[in-house]
Structures are given as structure tokens and as C-alpha cells.
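Step one of this worksheet: look at the structure below.
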Amino acid sequence: MIYTIERIATLIGAHRFGKSNAGIGFVLTDSRSLCFPEETLFFAIKSERNDGHNYILELYRRGVRNFVVETVPGNSLADYPDANFLKVSDTRKALQRLAERHRDAFDIPIIGITGSNGKTMVKEWLYQLLSPQMTVTRSPRSYNSQIGVPLSVWLMNEHTQLGVFEAGISKQGEMQALRDIIQPTIAVLTNLGAAHRENFKSQEDKCREKLTLFNDAKVLVFNADDSVVTKVMAEKTYKGERLDWSRNSSSVAFYVKTTEKSETATNITYIYKGEESTYSLPFIDEASVVNSIICALICRYLGVDANTLNQRMQRLEPVAMRLEVKEGQRGCTLINDSYNSDINSLDIALDFMNRRPDHKERRRTLILSDIQQSGEKPAQLYREVSDLVNKRGVEKFIGIGPQLCSQQACIEMNDKNFFPSVSDFIHSETFTSLHDEVILLKGARNFGFDHLTELMVQKVHETTLEVNLNALVDNLNYYRSMMKPNTKLVCMIKADGYGAGAVEIAKTLQDHRVDYLAVAVADEGVTLRKNGITSSIMIMNPEMTAFKTMFDYDLEPEVYSFRLLEALIKAAEKEGITDYPVHIKLDTGMHRLGFDPETDIDQLIKRLHNQNALIPRSVFSHFVGADADTFDSFSRLQFDRFEQASTKLQAAFSHKILRHIDNSAGIEHFPDRQLDMCRLGLGLYGINPRTNAIINNVCTLKTTILQLRNVPTGDTVGYSRRGEITRDSVIAAIPIGYADGLNRHLGNRRAYCLVNGQKAPYVGNICMDVAMIDVTGIACKEGDSVEIFGDHLPVTTLSEILETIPYEVLTGISNRVNKVYFQD
């Protein structure tokens with residue numbers, strides 16, 4: 001849907017500067033995601049750490065001509081002669097108002113979904129269940145924030161027959177704006193859960209905030225078995241029809257009579273409008289069961305009969321809510337988004353691929369299946385796809401499906417191939433010729449893309465470390481929220497990103513504009529540079545043999561001694577280098593490395609003044625114990641020493657020298673000592689160093705059951721006969737051992753892993769490549785997944801058993817363990 005710039009100015013109440021005609025089809029808040037500049041309206045949104053106004057000139061040079069701003073650039077007529085600036089008091093609110101007015105144009109059912117968990121799964125399953133009979137526009141991935149919701153609602157067009165949108169909140173007062181934008185006719189609360197509990201006085205307060213979505217909705221969907229929800233519902237008179245569901249009471253709109261689970265499916269018998277019916281769900285986990293009940297209730301309300309619902313439920317596919325980045329065969333990198341295929345999610349996935357730093361060195365390839373239930377005529381749809389892939393820089397296009405084959409003339413690319421099915425593609429020369437490419441797999445599973453992915457992934461060890469990049473960003477923002485807006489941030493990714501893989505971690509952090517990355521040695525920095533990382537990189541333990549390497553790759557070393565300083569000056573002068581940035585380390589009490597702040601500072605200043613090869617970029621020190629209150633008095637002494645020495649160093653130079661001493665624990669515990677910059681280490685990976693609690697789990701170590709064996713009482717398991725069996729047991733062998741990083745001291749029932757959510761202790765000695773676990777009484781089979789640590793078994797549980805710190809467990813994961821990355 002195209003809006004004139006005049007119409008938009010009216011809708012958002014803006015004062016217009018500029019007179020150029022323009023038709024707007026796209027709205028943009030992130031300059032990195034620009035695709036169609038001629039039809040784009042950029043909202044220059046200010047945040048605590050960034051300002052969209054800073055990117056106006058860059059966007060103008062790239063072809064954008066329409067901007068919503070709070071401040072019109074100086075000399076706008078001269079510098080931006082054919083631009084339109086729509087001036088408003090608050091650009092974020094203007095974006096929300098535009099989406100709200102856009103929503104007003106649609107008199108169709110709109111489903112708004114909120115809750116602590118399950119929002120995305122319910123949204124995607126509703127799409128799968130309802131899209132066969134109507135054209136559905138839904139939130140892309142997890143676009144459920146104050147900015148994500150208006151961007152989602154904007155996607156509705158003349159073909160939309162049903163809207164399904166998520167609404168996510170993290171603090172008081174956020175839901176009203178989202179409710180006004182979505183204006184749901186059907187409002188859904190999935191559950192409350194524990195997320196963001198710290199931002200509300202109580203669960204009741206959080207529930208009240210979420211139920212703001214229910215205001216003025218025609219239909220309200222909620223769990224009547226949740227006492228907090230029913231209590232809050234009773235406090236206020238909601239006008240909408242109450243579609244409550246329950247497993248305990250038959251006096252509700254949707255009564256779940258029985259839930260019967262087999263090994264692979266769940267049969268759910270329910271009563272709706274006095275009629276008893278059953279559907280079969282191809283999942284057995286509790287979250288899927290609950291989410292399916294919500295979906296079933298909404299589908300029945302929207303007119304899906306019981307038989308049709310049962311048929312569609314049986315075909316439900318798992319929701320891969322995160323983009324997976326995997327190492328592929330023959331030097332390829334795979335971005336797997338093969339759980340659905342539609343034009344909006346295609347654009348987001350292409351944007352993700354385009355923003356990867358390594359895309360410039362390798363070809364970008366798209367493998368796309370037919371796009372189903374779009375509501376558009378095929379020729380029009382695939383012309384849009386063609387425009388999109390060309391704008392996003394795709395160099396090779398592979399289309400799979402009868403519709404794409406018939407519309408291949410619409411894809412205007414030189415390197416393109418089309419196949420009726422995945423099987424035809426797999427048996428083609430095109431498939432075998434793929435090498436050294438970044439490949440986006442985007443297609444519905446009914447085309448067999450899961451089999452395609454399996455064939456293309458590099459075959460590796462069955463033990464994998466899953467790295468949730470979304471959680472990493474959440475942790476980054478968690479600590480940023482405690483920091484002063486102007487304080488810079490160094491993110492520690494030494495030891496291969498604390499075992500999570502420094503390259504992918506660095507790509508994510510660079511995308512979120514952290515100020516510095518820090519690694520231990522120069523070789524780690526070189527690896528990052530060779531993988532497209534352009535951010536400033538600090539080397540914490542520079543080797544004297546690596547000076548030339550650091551100069552060649554723009555790596556900034558820490559300097560902690562006069563010996564190192566002299567050698568670095570000499571090396572830089574030999575290369576003809578001047579003003580090379582270095583980071584001065586002071587020893588304020590750690591007594592590990594660093595200049596003495598009392599006896600060395602004058603000599604250090606004198607030496608730095610008597611040369612021009614190096615220039616101090618920052619000065620820093622380490623707290624010995626910011627993680628414990630018992631060290632507070634010593635921390636005060638350390639800070640005083642640092643304050644005196646760093647102030648003296650700064651006074652000796654005219655340029656700004658960044659000062660930093662706060663680490664992850666210090667950011668939280670010593671907010672008054674954040675200074676110019678902070679260093680974020682363990683907290684970035686989801687572990688609060690002060691409480692040992694998990695913030696947002698980043699790493700999950702998983703393996704699989706290789707073999708099950710019945711072992712009678714009295715027998716032993718493993719080397720040295722340490723694993724004595726005291727009852728008839730079922731013992732599972734799993735392909736992980738101390739060579740993978742599973743510490744031997746966890747064996748002999750000192751610790752456990754999780755099999756299908758249940759504790760399975762390690763039996764006997766842990767071997768180099770295999771461990772044995774006791775799965776007696778646990779319903780499991782060979783091939784089932786085993787969680788070593790992760791979302792359900794915190795890594796801190798293992799570190800506490802080992803009487804060590806989480807760092808040791810995380811960094812101990814072997815490089816032979818395959819890493820799989822997820823990102824929304």
C-alpha cells in the first residue's frame with residue numbers, strides 16, 4: 001500500500017519541510033536495513049545510545065529522500081535539495097501513530113498476542129492453521145517491541161484478511177501504545193511466566209500491564225486455571241467475550257477433558273460449545289500442548305470445524321523461531337530459515353545475510369521454495385521477489401517448486417536455476433557445484449527443505465554447542481540499561497568468545513555497535529579481521545613477536561610494563577608508524593600485570609611524551625572483587641589509586657584518554673565508577689557474576705543417546721569399575737567426554753545431565769569421548785537429545801559442583817564440538 005508524503009504528514013501531524021512528490025511503501029528505523037530507498041520513509045529515532053539523525057546524510061547519499069525527524073538538518077534546502085523532512089516532537093511516537101492510522105484502514109479480525117512465553121509459537125501455529133483459508137499478515141519473527149509492533153502492523157496490505165501480531169513488554173506503561181497500534185479484535189494472553197519480573201512489583205502488576213491489551217477487544221482468550229490471571233480479570237470489567245480455557249473446570253468456553261501422550265504425539269479431547277471433539281498434536285512437550293490449546297480455541301472461534309482442525313493440527317510443523325547459522329559443506333556458510341516462506345520474512349532473512357561481515361568475500365546465494373498463501377497473483381509476487389533479491393545483493397538464485405518454475409522469467413538475474421522439487425535439485429550439478437558461498441535456505445518444510453539442510457550441513461561430532469545470539473544481545477542490553485548513556489563498552493571475546501565462538505559473537509556485537517572488542521592475543525584479533533570484523537579490537541596480552549601483525553591488522557595492544565613499552569615503541573618506529581593507539585594498564589591491587597600507579601606514573605608520562613610512535617587511547621585497571629560486598633573497602637582503595645593516577649595521566653595529554661575499571665560486576669555494583677568505558681565479560685554470556693544467577697542463557701551444550709543397555713544389579717560401568725550398579729538399571733552411552741570439555745570430576749554420580757527434562761546422573765568414570773548416564777525410569781530412546789548444560793540446566797550448576805567458576809566450564813568446551821548459532 002502506497003501513501004503519499006502529504007498523507008503521511010497529515011496522519012502523524014508533522015510540519016513538512018520540502019516539496020518533492022513521493023510515494024511511501026516502506027518505513028525504516030535502522031539504516032543498515034535499507035533496501036528500496038526511493039519508496040522509503042526513514043524515522044530518525046533517538047535512543048539512549050544512538051540517534052537516527054546521525055545517519056540522515058548517509059541515507060540521503062544512498063537515495064533516501066523522505067525523513068521523519070525531531071530536528072531538521074541545518075541548510076536542509078541546500079544540502080538536501082530534493083528531500084522531504086517531516087518534523088515531529090517524538091519520532092518514535094510518530095512511527096507508532098502512523099502504524100495506528102494504517103491499522104484504522106482495516107475492518108478485519110486482528111489477533112493480538114501477549115505473554116511471557118509462547119507468543120511466537122502461537123502466532124506461527126495460527127498462521128499454519130489459518131493460512132489455508134485466508135491471507136494472514138503476521139509479525140515477522142519476534143517483532144513485538146515498541147518499534148517492532150508498528151513495523152509489523154505496517155505490513156498489512158489490501159490482500160490481508162487476518163492480522164496476527166505479538167505484543168511484548170518489559171516494564172510498566174509499555175502495553176497501552178502497543179494496544180493502540182494493534183487494536184486487537186481478539187486479545188490473547190499465553191501465560192505470565194518469570195520474564196522481566198524484576199521490573200514489576202508483583203506478578204499481579206505484570207498481569208495488569210499485559211491485560212491492557214484486552215481493553216476494548218471483542219474477544220478475550222486466557223487460561224482460567226491461572227489464579228493470578230483470574231484474580232486480575234475479576235478486578236476490571238472487560239467488555240469482550242471471554243473465551244477462557246481450562247483443564248480443571250468444565251464451566252469454561254473451552255474445556256480440555258483429557259490429554260493423552262504417546263512417544264511422538266498428544267491426543268487432546270476438548271469440549272467447545274457443548275460438543276466433544278479430539279485433535280492429535282505431533283508434539284508431546286508441555287509448552288506445545290498448551291500453545292496448541294490456545295490455537296485450537298481461536299481456530300474454532302473463527303469457524304474452523306473440528307475435523308479440519310484435527311487434520312491441520314496433525315500437520316503442524318515445529319517453529320524454528322531463530323535463524324540458524326551453521327558450517328556447511330565445501331566451505332559454505334548456511335543460514336537456515338526453512339520453516340516457512342513469505343515475502344516479509346524473506347526480506348528480514350535477506351537483510352540478516354546481507355549484514356554479515358563475510359558477505360563481501362563470498363557469493364550470496366538464495367535457495368527459495370514456492371511462496372504459498374500470499375494472496376497475490378504469482379507473476380506479481382515473483383516480480384516483487386526479484387526486486388527484493390536484487391536490492392539485497394543476492395548473486396545466485398535457486399528456485400524450488402512448480403510455481404517458481406512456471407514464473408522463472410519474473411526472476412531477473414543472470415545466475416538462476418529452477419527445479420520442480422528438492423530431489424531434482426539434490427541430483428543436479430547445481431547442487432554439487434555449491435562451494436564457498438553464504439547460502440540462505442528459505443522455504444516451507446513441505447518442500448523437504450529439512451532434508452536439504454541435513455545434506456548441506458558439514459557432518460561433525462554429534463555433540464553440539466547451541467549459541468543463542470538473541471540471548472547474547474539481551475544480555476548486552478541488560479548491562480547497557482545500567483550504564484550511563486555516554487559510557488562506552490568493551491566486550492570481552494577472548495578464549496574464543498568464552499567458548500561460544502569469537503567470530504559469530506563479534507559479528508553480532510559489531511552489528512549492535514559496541515565500541516570495542518577485546519581478545520587475549522594477536523592471532524585471535526587476526527581471525528576476527530579475516531572474517532570481516534572492522535570494530536576496534538583491543539589485545540589484552542600482546543606478545544612481542546606479534547607487533548608487526550598488530551600493526552598490519554589495526555589491533556590495539558595493552559601496555560603494562562616499561563619493557564613492553566620500549567619494545568613496542570622501537571617496533572612502531574621501525575615501521576614508520578606514529579600515534580598508534582595503545583591501552584595503559586595500571587596495577588591497583590590485582591598484582592598480576594600493570595604499571596604501579598604510585599611509582600611508575602611520572603616516568604610513564606615522561607617516556608610517552610618523548611616519543612610519537614604511540615598514543616595512549618585508554619587507561620584501565622581491574623577490580624579484585626567487584627562481585628562480592630566483602631571486598632568493597634579494598635575496591636574503594638583500588639578506585640582511589642586508579643582515580644589519582646589516571647587523572648594525572650590525562651592531565652599530561654591534550655587528547656581524550658578513556659578511563660575504565662568497571663567489569664560486569666562493577667557495572668551493576670559500582671555505577672558511580674563507570675567513567676568513560678566499562679568492560680563486559682561473563683555477564684555478556686548470561687551469568688551474573690555477583691549472584692551466579694543466569695540472566696539470559698547463551699550457550700546450551702547438547703549431545704545424543706548412542707546406545708541403551710540393561711545392566712543388572714552388582715555389575716559395574718566404565719573404567720576401573722567405579723560405576724557400581726545397586727539396582728537393575730538402564731544405562732545410556734552419550735558421545736561426549738573429557739576431550740570435549742566434560743570434566744572427569746562430574747562422573748561417578750557427582751553430577752547429572754537432562755534427558756527429556758529428567759535428571760540422569762553420570763555413572764562411572766567419564767571417558768575421553770564417551771560418558772555413561774543412568775536413565776532408569778526415564779522414557780527415552782536411542783537418538784534422543786541430552787542437555788549437558790543450557791536453558792534447563794544452568795552451567796553454574798556444574799561449576800558449583802566442580803567448586804570452580806563458570807568461566808572454566810565454558811572455556812573448556814573443545815573446538816571439535818560443533819557450534820550452531822541462532823538469531824531472530
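We count residues from 1, following the sequence as given.
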Closer than 3.5 angstrom, by distance alone: can the side chain of [X] be matched with the main-chain N or O of [Y] as a donor-acceptor pair?
X    : Y    : result
T185 : P109 : no
R179 : N215 : yes
E209 : E174 : yes
E241 : V219 : no
R208 : T212 : no
N291 : M121 : no
W125 : T120 : no
H102 : M156 : yes
T230 : A224 : no
R62  : S31  : yes

> Mind checking what makes side chain to side chain donor-acceptor pair (under 3.5 Å) contact with Q96, not counting sequence neighbours?
Replying inline: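 In terms of side chain to side chain donor-acceptor pair (under 3.5 Å), with neighbours along the sequence ignored, Q96 is linked to Q146.
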Output the distance between atom [atom1] ([X]) and atom [atom2] ([Y]), rounded to the nearest 0.5 Å.
X    : Y    : atom1 : atom2 : result
E384 : D347 : CD    : CG    : 11.0 Å
D104 : Q183 : CG    : CD    : 4.5 Å
C207 : K231 : SG    : NZ    : 10.0 Å
D90  : L95  : CG    : CG    : 10.0 Å
I294 : W245 : CD1   : CH2   : 6.0 Å
T135 : I108 : OG1   : CD1   : 10.0 Å

Under 3.5 Å, which donor-acceptor pairs do the side chains of residues 37-45 form with other protein atoms, sequence neighbours left out?
| from | atom 1 | to | atom 2 | distance (Å) |
| --- | --- | --- | --- | --- |
| T40 | OG1 | F36 | O | 2.5 |

> Which word best sums up how the rings of F85 and F67 line up, parallel for under 30°, tilted for 30 to 60°, or perpendicular for over 60°?
Replying inline: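 Parallel, since the angle between the ring planes stays under 30°.
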Looking at every non-hydrogen atom in both residues, tell me the closest pair between [X] and [Y] and how far apart they are.
X    : Y    : answer
R364 : M353 : CB-CE, 3.9 Å
R392 : D351 : NH1-OD1, 3.7 Å
Q128 : S131 : O-OG, 3.9 Å
R103 : V153 : CB-CG1, 3.9 Å
E166 : V149 : O-CG2, 3.3 Å
N66  : I5   : OD1-CD1, 3.6 Å

Contact between [X] and [Y] at the side-chain level, heavy atoms closer than 4.5 Å - yes or no?
X    : Y    : value
L211 : K236 : no
F352 : V325 : yes
F222 : R242 : yes
L404 : S369 : no
T508 : L476 : no
L213 : P184 : yes
L509 : S535 : no
F165 : I181 : no

In terms of heavy-atom contacts, does [atom1] of [X] have more than 12 from other residues, nucleotides or ligands at under 6.0 Å?
X    : atom1 : value
K93  : NZ    : no
K488 : NZ    : no
E412 : CD    : no
K46  : NZ    : yes

> Between L189, N191, N223, D244, which is the residue that forms a side chain to side chain contact (heavy atoms under 4.5 Å, CB included) with V229?
Replying inline: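 Only one option passes, and that is L189.
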> Sequence neighbours excluded, which residues qualify as side-chain contact (heavy atoms from CB on, under 4.5 Å) partners of D30?
Replying inline: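 Residues passing side-chain contact (heavy atoms from CB on, under 4.5 Å) with D30: R32, S33, R355, R513.
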>> side-chain hydrogen bond (donor to acceptor under 3.5 Å, both in side chains), that's the test. Do H53 and D51 meet it? Break it down for me.
In response: CA-CA 5 Å; H53 294 77; D51 185 348; 2.7 Å; yes
> When you look at L346 and L350, which way does the side chain to side chain contact (heavy atoms under 4.5 Å, CB included) test go after all the steps?
Replying inline: CA-CA 6 Å; L346 172 62; L350 286 171; 3.9 Å; yes
> Is there a side chain to side chain contact (heavy atoms under 4.5 Å, CB included) between V304 and Q133 once you walk through the steps?
Replying inline: CA-CA 9 Å; V304 179; Q133 68 192 56; 3.7 Å; yes
> Given the rule in the side chain to side chain contact (heavy atoms under 4.5 Å, CB included) test, do Y143 and I348 qualify, once you have shown the distances and angles that lead to the verdict?
Replying inline: CA-CA 11 Å; Y143 275 39; I348 291 168; 3.7 Å; yes
>> Check this for me: does any side-chain nitrogen of one of D180 and R97 sit under 4.0 Å from a carboxylate oxygen of the other?
In response: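 Looking at D180 and R97, the cut-off is not met.
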> Should E124 and R138 count as an ion pair when the cut-off is N to O under 4.0 Å?
Replying inline: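 Yes, charged N to carboxylate O under 4.0 Å.
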>> If you apply the rule side chain to side chain contact (heavy atoms under 4.5 Å, CB included), what do you find for N390 with S386, and how did you get there?
In response: CA-CA 6 Å; N390 279 293; S386 179; 3.5 Å; yes
> Honestly, is R65 close enough over Y60, meaning NZ or CZ under 6.0 Å from the six-membered ring centre and within 45° of the axis?
Replying inline: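 Geometry flag: set, cation within 6.0 Å and 45°.
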